[in-house]
2 protein chains.
Amino acid sequence: MPHAPRPRGPKPIRMDPDRILDAAQEVFARDGLRAASLRAIAKQAGCDPALIYYHFDSKEAMFTALLARRFPPILQELEVVAAADDPRPTALRLWEVVRIYHRHLKADPAIRSLIRGEIVRGAEGLSGLIEVRIRPIVMAIRSILDQGITRGDLRADLHTLLGTFFLARMHLEILDLLPTVLPRLMGLPHDQAVETGLHVWFDLYWRGIARDPLAPLPPLPELAAAPLAIKETRP
Amino acid sequence: MPHAPRPRGPKPIRMDPDRILDAAQEVFARDGLRAASLRAIAKQAGCDPALIYYHFDSKEAMFTALLARRFPPILQELEVVAAADDPRPTALRLWEVVRIYHRHLKADPAIRSLIRGEIVRGAEGLSGLIEVRIRPIVMAIRSILDQGITRGDLRADLHTLLGTFFLARMHLEILDLLPTVLPRLMGLPHDQAVETGLHVWFDLYWRGIARDPLAPLPPLPELAAAPLAIKETRP
DNA sequence: CCCATGATTCAACATTCGTTGAATTGGACT
DNA sequence: AGTCCAATTCAACGAATGTTGAATCATGGG
């Protein structure tokens, strides 16, 4: 069977590298970085696998390009909240951090699982880039905690670096695991699993770090609504 | 080069299936479930890849056998602490949970990352088994929280299921990420990263769930020492 | 009209993987 | 000594993977 040797390509559409990145993000989210194949990404993008190598150097280069596209907007919003002259009470600023994190990462399991999976074991050059992307984010959140101590909102003996780690990591755990674990473990409806999980978590976390744990939290804005008008990446 | 066609096997040593599981655990811990190859496991065990198929049905069967070997001892110890007639204050019992968790999972990154990686996206039949292994553990910890509420040690509005999730998951995050992330992110020495991380975390967590957050914690036993004499798996 | 050039596809390479069937070994029992 | 069976190894299969070089298409400028 010569299986149709050469019906050569009738596809005169230009393929934007951003479209390939979109496909890569989707496949990475579905299968994880290691299991995601270039052929699957190419099929998702509607092009030939070889075309990916025309626009990117390798699979790893696609991942770094993906990071470069997703992280700066997050950092940009966080640094606004972390500005030293922000007059809002610390609880509200931290909740704003939660909302920013949530809005950017909720619908993007790719980066969540990828950071997680590939940061532990360095994946060679990848870990360096992740570090470059993540360190400023950690520093922004941590500065809010530091300011909270000097303002007298937080307990003086708070370990602000670990406090940042706890806040950010548990957020990702809630996003990643609660929707799949909670319904299977209990009868809980998974619709609002993430929302209620985040609220309960923030209440517990705040009692843990506040100078006065029993003082009630101020009313918290809803998670979903966008707090700041920032232009999105897609024009 | 005919590369030495048939120097057939001069290896008359018996291979205990447990030795293969040991090798699998090591390779799984190093490379992750998906990336770990049977050939690497066989080389680690010092046998032929085909021998693995004589003792186990498949790669997946090895993983479930690994789970079956590691989880029951953890559950056994947890259920002792969770017994309803345990008279110790809730804070000490929860700290005991942390110690048990820590002792069993600290040196076993395989199960930690595998549970994490393969539970989110079901990996077909695997997730069911994981659920069978994990649910009793969750229930044991949760019952301590429930008893803590009725005893008046914990806040009455505590969401005990989410509280269990927070305690267990953050513990794994600390074990997995702190040793690699903290030194790279700061200059922190990674020797005691896990120990200090766990202490700071437990202090924050306890303030979050206690009825009286400002009451000081009782003195906590050291993490490393074994609290109960339980026979280990290797005879 | 032609040709240079960028964009895209085809087909294949070399590896690696999980898995399997046949062959071989080593010892236990008769 | 001979035989049987469990344990182990050999060699290979088929599939999937990342990657590459050559070929084809589309298009715009001369």
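For clarity, every value in this text was computed on a predicted model and none was experimentally measured. Per chain, numbering begins at 1; letters A, B, ... match sequence-line order.
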Whole-Å gap separating [atom2] ([N]) and [atom1] ([X]):
| X | N | atom1 | atom2 | answer |
| --- | --- | --- | --- | --- |
| A/Ile52 | C/dT9 | CD1 | P | 10 Å |
| A/Glu60 | D/dT19 | CD | C1' | 14 Å |
| B/Asp48 | C/dA22 | CG | C1' | 13 Å |
| B/Phe56 | C/dT20 | CZ | P | 16 Å |
| A/Ile41 | D/dT17 | CD1 | P | 11 Å |
| B/Leu51 | C/dA23 | CG | P | 19 Å |

B/Leu78 backbone acceptor or donor facing B/Tyr101 side chain under 3.5 Å
no
Strictly under 3.5 Å: I want the nitrogen or oxygen pairs between protein and nucleotides 15-18 of chain C, one per line.
residue	atom	partner	partner atom	Å
C/dG18	OP1	B/Ala36	O	3.3
C/dG18	OP1	B/Lys59	NZ	2.7
C/dG18	OP2	B/Leu38	N	2.8
C/dG18	N7	B/Arg39	NH1	2.8
C/dG18	O6	B/Arg39	NH2	2.8

Suppose we screen for side-chain contact (heavy atoms from CB on, under 4.5 Å). Which residues come up paired with A/Pro17, at least two apart in sequence or across chains?
A/His55, A/Phe56
I'd like to check the side-chain contact (heavy atoms from CB on, under 4.5 Å) partners of A/Pro72; sequence neighbours left out, ordered by chain and number.
A/Arg133
Pairs of donor and acceptor atoms involving the side chains of residues 166-173 of chain A, under 3.5 Å and at least two apart or interchain, shall be tabulated with distances.
residue	atom	partner	partner atom	Å
A/Arg169	NE	B/Glu173	OE1	2.5
A/Arg169	NH2	B/Glu173	OE1	3.0
A/Glu173	OE1	B/Arg116	NH1	3.2
A/Glu173	OE1	B/Arg169	NE	2.5
A/Glu173	OE1	B/Arg169	NH2	3.0
A/Glu173	OE2	B/Arg116	NH1	2.1

Which is more 5' along DNA chain D, the nucleotide nearest A/Ala40 or the one nearest A/Asp57? Just name the residue.
A/Ala40
With B/Phe165, which residues qualify under ring-ring contact (aromatic ring centres under 6.0 Å, His included), at least two apart?
none
Pairwise side chain to side chain donor-acceptor pair (under 3.5 Å) hits with a residue in residues 39-49 of chain A, at least two apart
A/Glu26-A/Gln44
Contact nearer the 5' end of DNA chain C, comparing A/Tyr54 with A/Ala50
A/Tyr54
For D/dA6, take OP1 and OP2 only and decide whether either is under 4.0 Å from a side-chain N or O of B/His55.
no
